Every structure is written in C-alpha cells, then in structure tokens.
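My structure is below; once you've seen it, I'll send some questions.
Quick caveat: nothing in here was measured; it's all calculated off a predicted structure.
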Amino acid sequence: MAATSGLFSDLREIKKQLLSVSWLCRERGLLHSVKWASELAFSLESIPLNELPPMPTLTEEDAQDLDAYTLAKSYFDLKEYDRAAYFLRGCKSQKAYFLYMYSRYLSGEKKKDDETVDSLGPLEKGQVKNEALRELRVELSKKHKARELDGFGLYLYGVVLRKLDLVKEALDVFVEATHVLPLHWGTWLELCNLITDKEMLKFLSLPDCWIKEFFLAHIYTEQQLIEEALQKYQSLIDAGFSKSTYIISQIAVAYHNIRDIDKALSIFNELRKQDPYRIENMDTFSNLLYVRGLKPELSYLAHNLCDIDKYRVETCCVIGNYYSLRSQHEKAALYFQRALKLNPRYLGAWTLMGHEYMEMKNTSAAIQAYRHAIEVNKRDYRAWYGLGQTYEILKMPFYCLYYYRRAHQLRPNDSRMLVALGECYEKLNQLVEAKKVCAFI
C-alpha cells in the first residue's frame, strides 16, 4: 500500500499526463483510450491555466505532412478508412504513418465485420479474416527491426500479431510498448487479453508507473481474482480517484462477478445517478436486474437506454434480457442477434444468445453461440458452463465433464460449478471423484 501511495503522491502531475496522452491518442483516432484518460482526468481536481500541459509540438516531418494528415484525419473521423489511407501514402512523420497503418487495419476490420454480418449471419460465422493483416505485419515488422516504431506503432504491431494468433510475439511487443509509452491505456488492455493467469503476470517485466495499478486491478477482475481486484480499486480510491466513474463501474462489475448482487445493484444505481446517460456496463446491470427478477426496473432501464441510443450493443442486450425475463425467448434472441450485427465480437451477446437457445431447446444453436463466446474470450466461464449444461441435456457426460471442469478452473469457488461437476462424476460412476468435489461444497 505504501508503494502504491508513493506512485500517486502528485495527482496534479498525473492529471497533466492524462491530458497530454488524451491529446496524443485523439490525434491518432484511438478514441477508447481518449475516453479512458479523459474520464480519469475529469475525476481529478482542475489545474490552473498556467500549469496546463503544452499542446503536442510539431516536428519538421509533422509540418511537411500536415496538409495530408489534416485531410486524412477528417476522412478517418467519418470512418472513410480507405480514403484516409490513400491520402497518407508516403507520409514520413510518426503520427501520419500510424494513422496510415491504422486506417488500413480498421478498413480490413470493417470489411470483415460487414462480411460476417451480411453474408453469413451471426450463427453461420465462418473464419472470415481481415485481409489486410498479413501485409500490415510485413511492413510493421520491417519498421520494428529497424527500431522505427514509436509507442503507438508498437501497439498497432502488437494488435496485428494478436489478430494473426501470434500470441508470444504479440505479448513481447505489447510489453515493449508499455515501456516506450506507458500512459497509453489501449496497450495495457491488449496485454490483459493475452495474460492467462497470475503466474504468467509475475514473469512480465512491466514499467513501474502509476497506470500499472489500474492494469493490475483490471486483470484481477478479468481473472476472477475479485478480492485482489477490490483491494486495488479501494487503494486507487484512497489515492484520490474517488470520483472516477470508471473505477465505480469496475467495482460494480467485480461484485457482479462474485454474485454479490445487492452490493453490485447498489453501486450501479449510484453510478446511474452520477452518469445518467452512460450506456457502457448497463448490460451487466441488466443481468443483475434479470437475476433478481426486477421486471419494472429492467423495463425502465430498457426504455431509458432506447431513448439514449437504441443502436448500441448494450441497449440491444438490455432489451434482450427484458424479453427473456418475460419468457419471450424468440424475441430476446432476435435482440441478441441485432447486438451481434452491430458488433460480432461482443462477448456478452453470444453467451446470452446461447442461454436463449437453451430455453428454446435448440441445443445445436446454443452450442454454436457458446463456442463463439469462447472464441472471443476463453476466460468466459458462463460459456464453458453453458456448454456443459447443453451436453448434459444431450446426455453426453464425458463432453459435459470436460466443459464443467473448464468452468470450474475459471471459477474455483463457485458452488454451481462444483455441484455440476459432482453430478457429472456421479453419472459416470466416478464416485471417489464425486465425493472429493462434494467435500468442497
């Protein structure tokens, strides 16, 4: 705790760093990182005009590329990625080069998503690839070997490697990026996706920067190490981030993950008061209302989010949960499908759709949906558990045992996983194993 408080001894300096990095990310179109840094900066006290950090300075190369960059950035902001890339060809500055490569990457991702949605439909999704990835890898690899990539370039190179399933190489590049540009939150999030357990985390050489504390809290939440996560978030609140809606939402998600439903609901209700137009995490809030069977509250939330933005993934998931609670499972599945049309990589919608297909006794569609959820995130215990339940219905106990084991590994203290495992061992006549499991319940 003392070491942590030392990292946060100068909150004014941290605010300056957050404002500076949000400018740098905004110039490169990294909007989620801009939002994260801006929300965190907003939770800290204002600083006077004479202490504000200076705007990013232009290099000679920036000045030469300024016209092309300004034009291309306007196209990029309108999601005209190919057009943006076309006008950035041949630019030499780090900033313009990043935007050129990032535009090409996003163009490939957009085409892949369009093909996934239009041609195949969510549940027939095949191995649709981003065709730009291999070319981008070759070009970025050359720059990397020549040590010509800055922190943002390293981040993009890591993303490309991860998308190509080159996990070891991606991990090394992301770690390098955290040292070159420690304040870019996007890099830390990508790193989080690649770290499978706490042991792996110990062997990584990461910079001792205040942002690492946010990263550790986040990864502990992801890995279901909720007690450690909550301790980290509490220490961040004590360090001066008590007004951060990001931290409040993460704490609510952590309590949701350990099924402390009343505590999680209370924090989400408080969050809604502070940030009434927030849509992020509201699908998690709706899961809690669903579990509690709170129809009026879930109906109000669904209508409220519809008024704010009915074409957001989270809104579709909330409406899906509402119809599911009313036992209108076909309608619920329709909204989860709509969510996946908006974002085929949205984990929650795949899992929830699997649940709906289970309710409709469509086991093959449920299996497909759960498998897609695992493709998106192998740490989603709900999908592993859902697969176990599906194969239990199909009376395939060996398959069932495999999936329940995976769910139990991810949630070792969850009684539901233990009960399911015990029953499975019993059906397979493995009574010694069944007794061992029962001893933990």
Side-chain angles (χ1 to χ4, degrees), residues 1 3-4 36 39-40 185 188-202 204 206 210-239 241-242 244-272 278 280-292 314 317 347-348 351-352 373-374 376-386 388 404-421 437 440-441:
M1 180 67 197
T4 304
W36 185 84
E39 282 183 347
L40 215 53
W185 180 239
W188 293 96
L189 277 186
E190 286 291 342
L191 202 51
C192 189
N193 291 331
L194 298 179
I195 296 169
T196 50
D197 53 48
K198 206 174 177 184
E199 283 305 304
M200 192 174 171
L201 191 57
K202 283 179 190 169
L204 292 181
L206 297 169
W210 59 264
I211 200 168
K212 184 181 171 185
E213 295 301 307
F214 284 88
F215 163 72
L216 290 171
H218 184 90
I219 201 165
Y220 290 156
T221 309
E222 286 287 298
Q223 293 182 355
Q224 307 298 327
L225 302 166
I226 303 301
E227 202 173 308
E228 290 98 318
L230 289 171
Q231 281 173 0
K232 282 281 177 199
Y233 284 126
Q234 190 54 55
S235 70
L236 290 169
I237 284 171
D238 295 342
F241 290 93
S242 58
S244 166
T245 51
Y246 164 76
I247 291 178
I248 294 166
S249 68
Q250 286 295 103
I251 291 171
V253 168
Y255 279 116
H256 163 270
N257 288 357
I258 52 168
R259 297 178 68 77
D260 189 338
I261 295 169
D262 292 332
K263 186 83 173 165
L265 280 171
S266 165
I267 296 168
F268 269 122
N269 282 318
E270 185 55 42
L271 181 64
R272 295 261 295 155
R278 182 190 185 93
E280 205 178 347
N281 307 116
M282 288 302 114
D283 49 339
T284 306
F285 182 32
S286 77
N287 292 343
L288 295 160
L289 296 172
Y290 177 93
V291 170
R292 274 279 179 266
E314 296 92 338
C317 288
L347 172 67
T351 310
L352 292 167
I374 288 162
V376 176
N377 183 357
K378 288 184 172 60
R379 288 201 294 259
D380 183 25
Y381 74 91
R382 295 167 306 169
W384 292 108
Y385 183 64
Y404 282 147
R405 269 183 183 155
R406 293 298 297 261
H408 172 60
Q409 282 165 6
L410 292 163
R411 299 271 291 187
N413 301 318
D414 195 319
S415 59
R416 292 168 302 165
M417 314 302 157
L418 289 164
V419 168
L421 262 180
V437 170
F440 288 104
I441 298 172

Non-neighbouring partners of Tyr381 that pass ring-ring contact (aromatic ring centres under 6.0 Å, His included), sequence neighbours left out: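 For Tyr381, no residue satisfies ring-ring contact (aromatic ring centres under 6.0 Å, His included) once neighbours in sequence are set aside.
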
Lys232 NZ/CZ over Phe215 ring centroid, <6.0 Å and within 45° of normal: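 No - Lys232 does not lie over the ring of Phe215 by the 6.0 Å and 45° rule.
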
Gap between atom CD of Glu39 and atom OG1 of Thr245 - 0.5 Å precision: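 Here the interatomic distance stands at 4.5 Å.
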
CG-CG distance between Leu216 and Leu206, expressed to the nearest 0.5 angstrom: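 That separation rounds to 8.0 Å.
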
Reported CG-to-NZ distance for the pair Leu410 and Lys378, which is rounded to 0.5 angstrom: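 Those atoms lie 12.0 Å apart.
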
Phe214 and its ring pair (Phe, Tyr, Trp, His ring centres under 6.0 Å) partner, picked from Phe241, Trp188, Tyr233: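 The residue from Phe241, Trp188, Tyr233 that satisfies ring pair (Phe, Tyr, Trp, His ring centres under 6.0 Å) with Phe214 turns out to be Phe241.
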
Beyond-backbone contact of Leu352 with Asn287, side-chain heavy atoms, under 4.5 angstrom: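 Leu352 vs Asn287: side chains touch.
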
Steps toward side-chain contact (heavy atoms from CB on, under 4.5 Å) verdict (Ile219, Leu191): CA-CA 9 Å; Ile219 201 165; Leu191 202 51; over 6 Å; no

Geometric class of the Tyr404/Tyr385 ring pair [parallel <30°, tilted 30-60°, perpendicular >60°]: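 Rings of Tyr385 and Tyr404: tilted, 30 to 60°.
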
Separation between CZ of Arg272 and OG of Ser249, rounded to the nearest 0.5 Å: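 OG of Ser249 is found 13.5 Å from CZ of Arg272.
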
Residues that Phe285 engages under ring-ring contact (aromatic ring centres under 6.0 Å, His included), provided they are two or more places apart: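 So Phe285 forms a ring-ring contact (aromatic ring centres under 6.0 Å, His included) with Phe268.
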
Contacts of type ring-ring contact (aromatic ring centres under 6.0 Å, His included), residue Tyr290, not counting sequence neighbours: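 By the ring-ring contact (aromatic ring centres under 6.0 Å, His included) rule, Tyr290 matches no residue at all.
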
Taking every non-hydrogen atom, the tightest pair across Ile195 and Gln223: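 So the two residues come closest at O-NE2, 3.1 Å.
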
Test salt bridge (charged side-chain N to carboxylate O under 4.0 Å, His left out) applied to Asp380 - qualifying residues, sequence neighbours left out: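 Testing Asp380 for salt bridge (charged side-chain N to carboxylate O under 4.0 Å, His left out), a comparison that skips the adjacent residues, returns Arg382.
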
Side chain to side chain, Asn377 and Glu222, heavy atoms closer than 4.5 Å: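 Yes. Closest side-chain heavy atoms under 4.5 Å.
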
Ala252 versus Ala264, closest heavy-atom pair with distance: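 So the two residues come closest at O-CB, 3.7 Å.
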
Non-neighbouring partners of Glu199 that pass salt bridge (charged side-chain N to carboxylate O under 4.0 Å, His left out), sequence neighbours left out: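 Scan of Glu199 (salt bridge (charged side-chain N to carboxylate O under 4.0 Å, His left out), adjacent residues dropped) gives Lys202.
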
Straight-line distance of Thr284 OG1 to Leu289 CG, nearest 0.5 Å: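 Answer for the OG1-CG pair, Thr284 versus Leu289, is 11.0 Å.
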
Closest approach of Leu236 to Glu213 (non-hydrogen atoms, all atoms of both residues):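 Of all heavy-atom pairs spanning Leu236 and Glu213, the closest is CD2-CB, 4.0 Å.
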
Lys198 side chain reached by Tyr220 side chain, heavy atoms, under 4.5 Å: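 When only atoms from C-beta onward are counted, Lys198 and Tyr220 do touch, with a gap below 4.5 Å.
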
Pairwise side chain to side chain donor-acceptor pair (under 3.5 Å) hits with a residue in residues 251-271, at least two apart: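 As it turns out, the side chain to side chain donor-acceptor pair (under 3.5 Å) pairs with a partner in residues 251-271, which skip direct neighbours, are Asp262-Arg292.
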
Arg411 side chain reached by Arg416 side chain, heavy atoms, under 4.5 Å: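 Yes. Closest side-chain heavy atoms under 4.5 Å.
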
Minimum-distance pair of heavy atoms, taken over all atoms of Pro412 and Leu418: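 In this case the closest contact between Pro412 and Leu418 is O-CD1, 4.2 Å.
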
Heavy-atom pair with the smallest gap, counting every atom of Asp283 and Cys317: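 Of all heavy-atom pairs spanning Asp283 and Cys317, the closest is CB-CB, 3.9 Å.
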
Trp36 and Trp185 aromatic ring geometry - parallel, tilted or perpendicular at 30°/60° bounds: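 The rings of Trp185 and Trp36 lie parallel, inter-plane angle below 30°.
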
Where Arg379 and Cys192 come nearest, the two heavy atoms and their spacing: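 That closest heavy-atom pairing would be NH2-O, 3.3 Å.
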
Inter-residue atom distance Leu271.CG - Ile247.CD1, 0.5 Å rounding: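 The distance works out to 12.0 Å.
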
Glu280 side chain reached by Tyr246 side chain, heavy atoms, under 4.5 Å: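 No, side chains not in contact.
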
